[in-house]
Amino acid sequence: NGGTAIGIAGKDFIAIGTDTRLASDYSISCRHKSRVFQMTSKSIIVATGFDADIDAFITRVRQIIVRYQQDHFKEMTVESLGLCVANTLYSKRFFPYYINILVGGINETGKAILYGYDPVGTIEDIHYDANGTGAEMAIPVLDNYFGTIHHNTVPFPYPSQEDAVNLIRDTMASVAERDIYTGDFLQVAVVDHEGKLTITEYELPAH
């Protein structure tokens, strides 16, 4: 059902933006479908792709989180959530979920964590990523902005929260101009250093 997501990890915050269009072929089923899911007090999942698989996947992971809390008497950390997502995707590797996943949050030391995945659960701890139907257009923009990511001798240039949100807005606006499955509205979810989740919505260009 389309959709594009862009995630950026700062030093002590996570910003993930996703559009709200739900499309199939050349038809738009819904213009305001949220793809941001708060899983714990300090972590979120953003999913694009087949909407029914998204709902099934989120329901399954939430059930695992509840059992974890009942067994361990504590909330699942973002690292544990990342591995949980990887294992859940891998368990369906012979009939995979047709979805793209980003997991972001703040760990127990206050560090921002962002995880990206392939369809069968291969996990990667990353500074930024994009997935969905507009990923091929978004990634070059991010690579250009974070040029030093491919240099082993230069530290990663962590952006401020404002710069990260603006970069997501500009990149998503560019993608929406060119991808018919991305559009209508942009929801930017920010998890700050205290674990507080803020979701801000912006209108994307329409022609």
Test log, rule side-chain contact (heavy atoms from CB on, under 4.5 Å), inputs Val165 and Ile168: CA-CA 5 Å; Val165 171; Ile168 290 172; 5.7 Å; no
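- Note: the hydrophobic cluster containing Leu114 also contains Val191 (ILVMFWY, side chain heavy atoms under 4.5 Å, direct or indirect links).
- The number of heavy atoms from other shown groups lying within 6.0 Å of CZ (Phe37) is above 12.
- When the side chains of ILVMFWY residues are joined at heavy-atom separations under 4.5 Å, either directly or via intervening members, Val85 and Met76 end up in a single hydrophobic cluster.
- When hydrophobic clusters are built by joining Ile, Leu, Val, Met, Phe, Trp and Tyr residues whose side-chain heavy atoms come closer than 4.5 Å, directly or via intermediates, Leu142 is grouped together with Val188.
- Contact between Thr133 and Gly2 at its shortest, heavy atoms only, is CG2-CA, 3.7 Å.
- Within the 4.5 Å cutoff, the side chain of Tyr97 has heavy atoms near those of the Leu89 side chain.
- Geometrically, Arg60 does not engage Phe57 in a cation-pi contact defined by less than 6.0 Å to the ring centre and at most 45° from the axis.
- A side chain to side chain donor-acceptor pair (under 3.5 Å) with Asn131 holds for exactly one of Asp118, Thr4, Thr48, Asn100; it is Thr48.
- Taking both residues in full, the closest heavy atoms of Ala112 and Ile106 are given as CA-CD1, 3.9 Å, listed atom of the first, atom of the second, then distance.
- Other residues, nucleotides and ligands contribute over 12 non-hydrogen atoms within 6.0 Å of the OH atom of Tyr202.
- Taking every heavy atom of both residues into account, Thr88 and Cys84 meet most closely at OG1-O, 2.7 Å.
- Atom-to-atom distance recorded for Arg21:CZ and Arg35:CZ is 10.0 Å, nearest 0.5 angstrom.
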Stepwise side chain to side chain donor-acceptor pair (under 3.5 Å) check, Asp143 with Tyr128: CA-CA 9 Å; Asp143 282 341; Tyr128 64 89; 2.4 Å; yes
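- Across Ala130 and Ile6, no two heavy atoms sit closer than the pair CB-CG1, 4.1 Å.
- Residues Asp184 and Asp19 are not in side-chain contact: their nearest non-hydrogen atoms beyond the backbone lie 4.5 Å or more apart.
- Proximity of a side-chain donor or acceptor of Arg169 to a complementary backbone N or O of Asn166 within less than 3.5 Å is not detected.
- To the nearest 0.5 Å, atom CZ of residue Arg62 and atom CD of residue Gln38 are 8.5 Å apart.
- Note that NZ of Lys11 and NE2 of His127 are 11.0 Å apart. Values are rounded to the nearest 0.5 Å.
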Worked verdict on Ile113 versus Lys111 for side-chain contact (heavy atoms from CB on, under 4.5 Å): CA-CA 6 Å; Ile113 302 291; Lys111 181 185 176 183; 4.1 Å; yes
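- Here CD of Glu136 is found 9.0 Å from CG of Asp179. Values are rounded to the nearest 0.5 Å.
- Side-chain contact between Pro159 and Leu167 is absent, with no heavy-atom pair separated by less than 4.5 Å.
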Residues Thr77, Ser80; criterion side chain to side chain donor-acceptor pair (under 3.5 Å); working and verdict: CA-CA 5 Å; Thr77 64; Ser80 296; 3.1 Å; yes
Stepwise side-chain contact (heavy atoms from CB on, under 4.5 Å) test for Val190 and Ile199: CA-CA 6 Å; Val190 176; Ile199 300 177; over 6 Å; no
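- When all heavy atoms are compared, the tightest approach of Ser41 to Glu75 is OG-OE1, 2.6 Å.
- Side-chain contact check for Gln187 versus Thr20: some heavy-atom pair is nearer than 4.5 Å.
- The closest side-chain heavy-atom distance from Tyr115 to Ile101 is not below 4.5 Å.
- Asp12 is not listed as a side-chain neighbour of Asp192, based on a closest heavy-atom distance of 4.5 Å or more.
- Val141 and Ile126 are members of different hydrophobic clusters when ILVMFWY side chains are connected at heavy-atom separations under 4.5 Å.
- Interatomic distance, Leu204 CG to Leu186 CG, rounded to the nearest 0.5 Å: 5.0 Å.
- Across all non-hydrogen atoms, the minimal contact from Met39 to Val61 is CE-CG1, 3.7 Å.
- Inter-residue side-chain proximity for Ile45 and Val103 is flagged as met; some heavy-atom pair is nearer than 4.5 Å.
- For the atom pair CD of Glu108 and CD of Glu79, the computed distance is 7.0 Å after rounding to the nearest 0.5 Å.
- Ring geometry, Phe156 versus Tyr158: the interplanar angle exceeds 60°, so the pair is classed perpendicular (tilted spans 30 to 60°).
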Check against side chain to side chain donor-acceptor pair (under 3.5 Å), Ser27 and Asp25: CA-CA 6 Å; Ser27 300; Asp25 293 327; over 6 Å; no
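- Between His32 and Phe185, the angle of the ring planes goes over 60°, which puts this pair in the perpendicular group of the 30/60° scheme.
- Connection of Val46 to Leu197 is established within a shared hydrophobic cluster, with ILVMFWY side chains joined at heavy-atom distances below 4.5 Å, either directly or through further cluster members.
- For Asn87 (side chain) and Leu83 (main-chain N/O), a donor-acceptor pair under 3.5 Å exists by modelled atom type.
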Derivation of the salt bridge (charged side-chain N to carboxylate O under 4.0 Å, His left out) call for Lys33 and Asp51: CA-CA 9 Å; Lys33 171 71 175 182; Asp51 192 53; 3.7 Å; yes
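- In this structure the side chain of Thr122 never reaches within 4.5 angstrom of the side chain of Tyr117, judged on heavy atoms.
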Full working for side-chain contact (heavy atoms from CB on, under 4.5 Å) between Asp53 and Asp55: CA-CA 5 Å; Asp53 275 0; Asp55 290 342; over 6 Å; no
